[in-house]
Amino acid sequence: MSTEDVLNLSLEMFGAANSLDNSTGQFMPLRPVMDGQLLTSPLDATAPFPSQSKTIIVTNVQNEAGPTIYSSFTSPLSVSDFDSIVQQTFGSPRTATLLASSNYAVPNATGNSSAAVDARVQLEAMGTDQIWRCPAWTFARSWAAAGGTVYVGKYVVGATYPDNSAIAFCTEGGVCHEDDIEIVFGTVLKPSSAQNTLIQQEQSRLKSFLAGGSPNAAGAETWIPAAGNNTNALVLGGSGGQAAVGACDPSFWGSQVPYDYQLFDD
C-alpha cells in the first residue's frame with residue numbers, strides 16, 4: 001500500500017471507530033494489541049504487571065488537553081455546557097462522580113456571577129488527567145511496584161509548538177501538548193530566561209540519565225523516583241518542587257472513575 005492509502009485509511013478509522021465500538025474512545029482507535037508473542041502483557045490493571053528492571057522517565061505537560069479543548073470550544077463554556085459535555089464523554093455513572101469531585105468544581109456555579117464562568121478550565125484539566133497525566137502516573141506506580149525505577153515529571157514551562165501557535169490559550173500562558181519538545185531538544189528560538197534555565201537543566205539531566213541511569217545533575221533539584229503510591233512527580237520549570245497529586249490519586253482515576261479500558265474491558 002502507498003503511504004497516502006495508509007494515511008487515508010487511518011483517517012477513516014479515526015472518524016468511524018467510535019460509532020463502531022465505544023471502547024475506542026474519541027482519540028486513540030489505533031492501539032497496540034496484546035498478541036501473546038511480541039506484546040505479552042497489556043501493561044495496565046487488567047492483568048498482572050510483568051516484572052521490570054529498567055529505569056525510565058515519564059513526563060507530561062501541564063495542559064495536555066489545551067489544544068483540543070480550546071480549539072474545539074472557542075467561546076467560554078457555561079456550567080450546563082460543562083455538565084452536558086462530561087455526560088456525552090463519560091456516560092453514567094462516571095459523570096456523577098466527576099461532577100461531584102472537588103478536583104473539577106466550576107467556580108461560581110451557584111453564585112450570582114455565573115457570567116464570569118468559563119468551564120473550559122475544568123474541562124481542560126479533566127481531559128489532561130483522563131488521557132495523559134493520571135494514566136501515566138498509574139503506569140509509573142505499576143512500573144515501580146514491578147521492580148523498575150521511574151522518574152515522573154510535569155512541565156510547567158514550555159515553548160509553543162508550531163501547531164499550537166494559533167490557539168490563544170497555548171500562546172498566552174498554557175503549556176500545551178507538544179510544548180515540551182523544543183525544551184527537551186534545546187531548539188527554542190530566542191528562549192526566555194525561564195525557558196533557557198529549563199533547557200540547560202533538562203539537557204544536563206538527560207546527559208546524566210543516558211550516561212548513568214539517573215536524571216539527577218549538578219545544580220538541579222533532586223529528582224526522586226516513584227515509590228509505592230507516591231509518584232514524587234517533579235515540577236519541571238518555574239519554582240520546582242513536587243506536583244500536586246489532585247485527581248491522579250490512585251483512589252480516584254482508575255478506581256472511583258474507571259479508565260476506558262477498565263470500563264469496556266478492551
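The analysis underlying the following values was restricted to heavy atoms, covering all of them including side chains, and did not include hydrogens, waters or symmetry mates.
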Atom CZ of Phe252: over 12 foreign heavy atoms under 6.0 Å: yes
To the nearest 0.5 Å, what is the distance between [atom1] on [X] and [atom2] on [Y]?
{"X": "Phe209", "Y": "Asn216", "atom1": "CZ", "atom2": "CG", "value": "11.0 Å"}
{"X": "Asp163", "Y": "Cys170", "atom1": "CG", "atom2": "SG", "value": "9.0 Å"}
{"X": "Asp83", "Y": "Leu99", "atom1": "CG", "atom2": "CG", "value": "5.0 Å"}
{"X": "Leu198", "Y": "Ser193", "atom1": "CG", "atom2": "OG", "value": "11.0 Å"}
{"X": "Ile224", "Y": "Gln242", "atom1": "CD1", "atom2": "CD", "value": "5.5 Å"}
{"X": "Arg141", "Y": "Cys248", "atom1": "CZ", "atom2": "SG", "value": "7.0 Å"}

So which atom in [X] and which in [Y] form the shortest heavy-atom distance, rounded to 0.1 Å?
{"X": "Trp223", "Y": "Val152", "answer": "NE1-O, 2.8 Å"}
{"X": "Ile183", "Y": "Asp179", "answer": "CG1-O, 3.9 Å"}
{"X": "Ala119", "Y": "Phe82", "answer": "CB-CB, 3.5 Å"}
{"X": "Ser41", "Y": "Pro48", "answer": "OG-O, 4.0 Å"}
{"X": "Trp253", "Y": "Ala247", "answer": "CD1-O, 3.2 Å"}
{"X": "Trp132", "Y": "Gly127", "answer": "CE3-O, 3.7 Å"}

Does [X] share a hydrophobic cluster with [Y], counting links as ILVMFWY side-chain heavy atoms below 4.5 Å and allowing steps through other members?
{"X": "Val61", "Y": "Val121", "answer": "no"}
{"X": "Tyr161", "Y": "Leu236", "answer": "yes"}
{"X": "Ile181", "Y": "Val157", "answer": "yes"}
{"X": "Val175", "Y": "Phe185", "answer": "yes"}

Does a donor on one side chain sit under 3.5 Å from an acceptor on the other, for [X] and [Y]?
{"X": "Tyr155", "Y": "Glu64", "answer": "no"}
{"X": "Asp81", "Y": "Ser78", "answer": "yes"}
{"X": "Gln88", "Y": "Ser84", "answer": "yes"}
{"X": "Tyr151", "Y": "Thr59", "answer": "no"}

Worked verdict on Met126 versus Ile131 for side-chain contact (heavy atoms from CB on, under 4.5 Å): CA-CA 9 Å; Met126 189 181 293; Ile131 299 175; over 6 Å; no
Can you check whether [X] reaches [Y] side chain to side chain, under 4.5 Å on heavy atoms?
{"X": "Pro93", "Y": "Gln256", "answer": "no"}
{"X": "Phe73", "Y": "Ile85", "answer": "yes"}
{"X": "Glu221", "Y": "Leu234", "answer": "yes"}

Pairs meeting criterion salt bridge (Lys or Arg N to Asp or Glu O under 4.0 Å) with involvement of residues 123-137, two or more places apart: Asp129-Arg133
side-chain contact (heavy atoms from CB on, under 4.5 Å) partner of Val150, chosen from Ile57, Ile56, Thr55: Ile56
Counting only pairs under 3.5 Å, give me each side-chain donor-acceptor contact of residues 4-12, with atom names and distances, residues two or more places apart or in other chains.
unit_1 : atom_1 : unit_2 : atom_2 : d
Asp5   : OD2    : Ser2   : OG     : 3.3
Asn8   : ND2    : Glu4   : O      : 3.3

Full working for side-chain contact (heavy atoms from CB on, under 4.5 Å) between Thr138 and Tyr259: CA-CA 10 Å; Thr138 296; Tyr259 293 122; 2.7 Å; yes
Lys/Arg N to Asp/Glu carboxylate O, Asp260 vs Arg94, below 4.0 Å: yes
Worked verdict on Trp137 versus Val58 for side-chain contact (heavy atoms from CB on, under 4.5 Å): CA-CA 8 Å; Trp137 287 22; Val58 174; 5.6 Å; no
Derivation of the side-chain contact (heavy atoms from CB on, under 4.5 Å) call for Thr171 and Ile167: CA-CA 7 Å; Thr171 60; Ile167 303 170; over 6 Å; no
